[in-house]
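Following: one structure in structure tokens, then a few remarks.
Bear in mind that the values here come from a model prediction, so they are computed numbers and not experimental data.
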Protein chains: 2
Amino acid sequence: MDSHQLLIDHISEIVSLDDSIKSLIRERFIPRHLKKKEMLLYKGDVSHHMRFIAEGCLRNYNIDENAQEHILQFAVKGWWINDLYSYLTETPATFFIQALEDSVVLQISKNELTKLFDEAPALERFYRIKFENAYVALQNRTIHGMSKPIEERYSDFRNTYPEIEQRVPQFMIASYLGITPESLSRVRKRMSSK
Amino acid sequence: MDSHQLLIDHISEIVSLDDSIKSLIRERFIPRHLKKKEMLLYKGDVSHHMRFIAEGCLRNYNIDENAQEHILQFAVKGWWINDLYSYLTETPATFFIQALEDSVVLQISKNELTKLFDEAPALERFYRIKFENAYVALQNRTIHGMSKPIEERYSDFRNTYPEIEQRVPQFMIASYLGITPESLSRVRKRMSSK
DNA sequence: ATGACTTCTTGATTTGAGTCAATGAATTAG
DNA sequence: CTAATTCATTGACTCAAATCAAGAAGTCAT
């Protein structure tokens, strides 16, 4: 399926779009192709685009003072990826975004998107709902990440993102869960033995 | 200072309000007085109001399957408190909100506020900005909560919320930081000895 | 195909936070 | 004001995950 059709179907799951809006979406969302390991956004740069993944897999991560990587989000086809705060406030990004596989993202600049909102209120509604979801997803992660034992967090991850588990190296999943690769390896062993 | 004036000053720090809007704010935000330990919102109820704290101190917390409390947020005079997801989507709240001191909140129902947005676009803008901030505050907590050692998280907390540290019992701060009261007590001892 | 690098696993050890238990201090209620 | 309750501290112990280290398996580049 072509990238734009995927995006249109994705949006249409939440709001209905008439044909003129669909055309606008096809015009204004620009495909960008990324090689594996290519960076989509650097920490410190301003994120000027809203980005939809049409193909591939990316990660959103931070590098702390001790040069330790911490993965915040994985995203695959049909997801959105961004440093939302940077995008919203037009301040330097606090994360990196990198392709983990050859990927295609459809991106639209904030200016263009703002204009599009005037022409297509349905689209604005779509984003409002997306933002709400983003907020609550983050909130759930904050709460649950807090208390639950690793074993449980790992199986939650597997259940929530079955596609991702297959495609992402294990040490990155460990980073996402906030544990060492060694610990994850042991958790897996424990879990498989029963 | 009267409660509504505090709210008006607070909003005016971000957007400018003309006198007619100020009057509307005085009319539509209704004060609610809470005794210490009184509940403002129960898990399972829908949060129908946006709430500004004019006096006192409250907490937002969850109780997990093991009857363990986890505090997500403290809030004092000049802050907002809500179960945002419940409010936004009109679904049952996932948290409790409780007064930790005798408190006064100014609250407005979602319906009223939505109407007010039509009369006062500046107000809508104010909330958009507030929501962005809420998202990023949560994001920071998620990231940092993940990796940093307890000692550092505790001093971050002290620096970010100096007022709160004075007013909230220590075991609640421990809960907010995701550790036991015993551990916090030991961290404090370690920190004071150097 | 070969060597170089990356990733995963496993073992030994250390460490930091949790648990349990007791005591003392501080708040609250009557 | 006193008793009851709640809260903070401390000690002894346990345990889960981190760290350190080595080796096996897998992947990539030439």
Original post:
Does B/K37 or B/R186 map to a spot on DNA chain D nearer the 5' end, using the closest nucleotide for each?
Top reply: B/K37
Subject >> Closest non-hydrogen atom pair between B/Q170 and B/L184, with its separation >> reply: O-CD2, 3.4 Å
**OP:** May I ask you to say what A/I150 touches in the nucleic acid, namely base, sugar-phosphate or nothing, with a heavy-atom cut-off under 4.0 Å?
**Re:** sugar-phosphate
Original post:
D/dA18, D/dC28, C/dT7: which one has an atom nearest the side-chain heavy atoms of A/K36?
Top reply: D/dC28
Subject >> From D/dT9, C/dG18, D/dT19, nucleotide with atom closest to B/E182 side chain >> reply: D/dT9
Verify the contact: side-chain N or O of [X] to OP1 or OP2 of [N], cut-off strictly under 4.0 Å; return yes or no.
| X | N | result |
| --- | --- | --- |
| A/T180 | D/dA17 | no |
| A/S185 | C/dT9 | yes |
| B/Q170 | D/dT9 | yes |
| B/K189 | D/dA8 | no |

Original post:
Once you round it to whole Å, what is the distance between P of D/dA18 and NE2 of A/H70?
Top reply: 12 Å
**OP:** In whole angstrom, give the distance that lies between atom CZ of B/R188 and atom C1' of D/dA8.
**Re:** 9 Å
**OP:** Assess the pair A/F117 and A/Y127: is the distance between their ring centroids shorter than 6.0 Å?
**Re:** yes
**OP:** Would you confirm whether the ring centroid of B/F95 sits within less than 6.0 angstrom of the ring centroid of B/Y61?
**Re:** no
Subject >> Candidates B/T160, B/N159, B/I173 - the one meeting side chain to side chain contact (heavy atoms under 4.5 Å, CB included) with B/E165 >> reply: B/I173
